[in-house]
Amino acid sequence: MSKKKSNSITKKTPKPNNNLSRVLCGVFAALAVIAVACICRVGYAAVKARPYVQKFETKAAAIKEEMSGAQLNYTLDSETPNRVVFISVSDSSKPARVFTGTGDDLDQAWDKAISRAKSYLGLHPTEPKWVKGDVVIRSQVNSSNGILNTIDDVGYGAFRCGIASDTDYSAALLETQVVASDAISYTPATLDWTKLINYAKKVGINLPKYIPEKMVLFQTAGWIVDNEDGMVVKLHSDGGAFGSRVVDAKQLTAEDIRAVCSKAMDYLARTTAESGKYQYIYYPGTDEVPDDYNLVRHAGTFWAMVEEYSVSKDPELGEAIVRAAQYLKNRAIPLTIGDGVVLIGEDDTNLAIGGCGLALVGYTRFIEEFGEVDGITIDFCRELADGMISLQEKDGSFQNILNRDMTMGEKFVTPYYDGEVSFGLCRLYELTKDKKYLDAAKLSAENYLNNDYLSYHDHWASYFMNELTKYVDDPRYYEFAMRNVMEDQAALTETAFAPYRLEMAMACYETYQRMVERGIEIDYDVSIDSLKSIIRRCVENEMIGCLWPEYAMYMAKPTAAEGAFFWRDEMGLYVENDNTQHAVVGLIRYCSHIEDFT
């Protein structure tokens, strides 16, 4: 019989492919393992991050309390949010991560920034060693040309604004981040957007590829917790001190100042090479060390390190000092046109006599602290001094520049050199009591008096007169020392970092004390209260130039130069040894008299 055709359609079941099944099972199993691993990793990160988040919350809460209680004057562009908050967090090993929050009021903006910070810390466990909070208090919407005009108007090193790429602050860099990026130039006024983008990428901020037509310049009021006891430090929110911590000289203790000096000298000690050569200039924002070198600055840094060692007796600092002393001594060459020796840099075509003077200051102090070692002796100091006296004119002035071939260079370059040499000669007289060195210093003083050196208001002149009046009670010297400082009050008390000001004022103070003790009368009225006021202001201004954590946390390697003293000018922000030298010596002098000022 024939079979009937069926109206139904039955789907044929294919024979199972066992190989494919095994592959799929393996893939699913692998995915499951990865998923579990990810969950475990996230869970582990959350567990690991918990104490960090808690520590962050504690520090941030302390900052919020200060911020909320502050009396702030807001001057905000109408196109920008009513409140903008930045929270910065750094473990001190890499540049800070910054989290932004905007809102109608401070609480709303703060909560958004805090939430973003905690989310990040939960996924990226980070020790919140330094926590900083900022709130925008001034803002102005600008075109790119408007920003260039602002850079041009403020002058070298004085740009003090953060930059937001839009009015919502969706991508913004704080002022110190802008500085660290090295994106600002002054000659001519330039905003290098590529440098800004490169810095922003490193810290998780996505700036637009091209410069926006409309941006925001802003300034903030800030507070930082850089310690484990939760103490909040207020930061300056305007003027030349913008961004640095507020310091009251009357509240500073000797311990506070010693900590600053120790940190600064630690930087110099650890950057002294085995050869004894220093890391002369350092750009902390980009972690760059140029090849520049300056033997005069080497000599001054060497002296400052000896001064710090006389107080701290730090063994690592002592080892660095010995290396630096030898490096300097190895630069000595015979003075073929006179007696003694002079010092000249490895690659220099000429020598500046000021370096010889500062070397003599350093070596005399070195011998007092270390004794005569490795050829650094009183006799070597005499050779150095004799070389300088050979370059002294009959009127008391010194030949400032000598070419390597022993021909004369520029007769006068700066009053600094005469002061440095004369200071060194006085120091050697203290060790040897050889009258020829004192006579040379007195002849130099006559040149100061006869040729209006008072108009320079030179810090080395203050050092020189302070040293000279230890041995010669000439009222003219005392009057010069007083007028050198008291008639320069406006410059000395200007709110800006100028590292030589404090040491200049302290030298005057020591000279004043000697004048009173010895009953020296001069035809010039000195207000000791005014002098003390100048000195306190100088102390406060000195702190503006310290690379505190509020600056260091945004640099390429935050601890690389933390505590050193920096400078700002057309080359940007950089650490230069002589800034640390001047600042520390001034602070050491102040610390030795601190009971008179607090």
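In this text, all values refer to a predicted model and were calculated from it rather than measured experimentally.
Ring centers of Trp130 and Phe56: at least 6.0 Å apart, outside the cut-off. When ring centroids are compared, Tyr551 and Trp548 stay outside the 6.0 Å threshold. Aromatic rings of Tyr280 and His298 (six-membered ring for Trp) have centroids beyond the 6.0 Å cut-off, not under it. In this structure, Phe302 has its ring center closer than 6.0 angstrom to the ring center of Tyr363. Centroid-to-centroid, the aromatic rings of Phe86 and Phe218 come within less than 6.0 Å. Note: Tyr186 and Phe159 fail the aromatic proximity criterion, with ring centroids not under 6.0 Å apart.
Dense packing is recorded around CG of Asp248, with more than 12 heavy atoms of other residues, nucleotides or ligands lying under 6.0 Å away. In Asp105, the CG atom is crowded: over 12 heavy atoms of neighbouring residues, nucleotides or ligands sit closer than 6.0 Å. In Glu228, the CD atom is crowded: over 12 heavy atoms of neighbouring residues, nucleotides or ligands sit closer than 6.0 Å. Atom CD of Glu346 sits in a crowded spot, with more than 12 heavy atoms from other residues, nucleotides or ligands closer than 6.0 Å. The neighbour count for Glu316 CD, taken as heavy atoms of other residues, nucleotides or ligands under 6.0 Å away, does not exceed 12. Heavy-atom neighbours of Lys263 NZ from other residues, nucleotides or ligands within 6.0 Å: at or below the threshold of 12.
In this structure, Asp348 does not pair ionically with Arg331, as no charged nitrogen and carboxylate oxygen lie closer than 4.0 Å. Classification of Lys313 and Glu308 as a salt-bridged pair fails, no side-chain N sitting under 4.0 Å from a carboxylate O. For Glu127 and Lys55, the salt-bridge test passes: some basic side-chain N is under 4.0 Å from an acidic carboxylate O.
The aromatic rings of Trp460 and Trp303 sit tilted relative to each other, their planes meeting at an angle between 30° and 60°. Under the 30°/60° scheme for interplanar angles, the aromatic rings of Phe497 and Phe565 are found to lie parallel.
Looking only at distances, a side-chain donor or acceptor of Asn541 sits under 3.5 Å from a matching main-chain atom of Glu494. Of the possible donor and acceptor atoms, none in the side chain of Arg245 sits under 3.5 Å from a partner among the backbone N and O of Met543. Although no hydrogens or angles enter the test, the distance criterion places a donor-acceptor pair under 3.5 Å between the side chain of Thr301 and the main chain of Arg297. Between the side chain of Asp77 and the backbone N or O of Thr80 there is no donor-acceptor pair closer than 3.5 Å.
Of all non-hydrogen atoms in Ile544 and Phe566, the two that sit nearest each other are O-CZ, 3.7 Å. Nearest approach of Arg323 to Glu274, heavy atoms of both residues: CD-O, 3.4 Å. Nearest heavy atom pair, residue Val203 against residue Ala96, reads CG1-O, 3.7 Å.
For Arg116 and Tyr120, the positive end is not near the middle of the six-membered ring at less than 6.0 Å and at most 45° from its axis. Judged by a 6.0 Å distance limit and a 45° cone about the ring axis, Arg536 is not positioned over the six-membered ring of Tyr590.
Looking only at side-chain heavy atoms (C-beta outward), Leu174 and Lys132 come within less than 4.5 Å of each other.
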*Check the pair Tyr199 / Tyr554 against ring-ring contact (aromatic ring centres under 6.0 Å, His included), numbers first and verdict last.*
CA-CA 10 Å; Tyr199 178 90; Tyr554 303 108; 8.1 Å; no
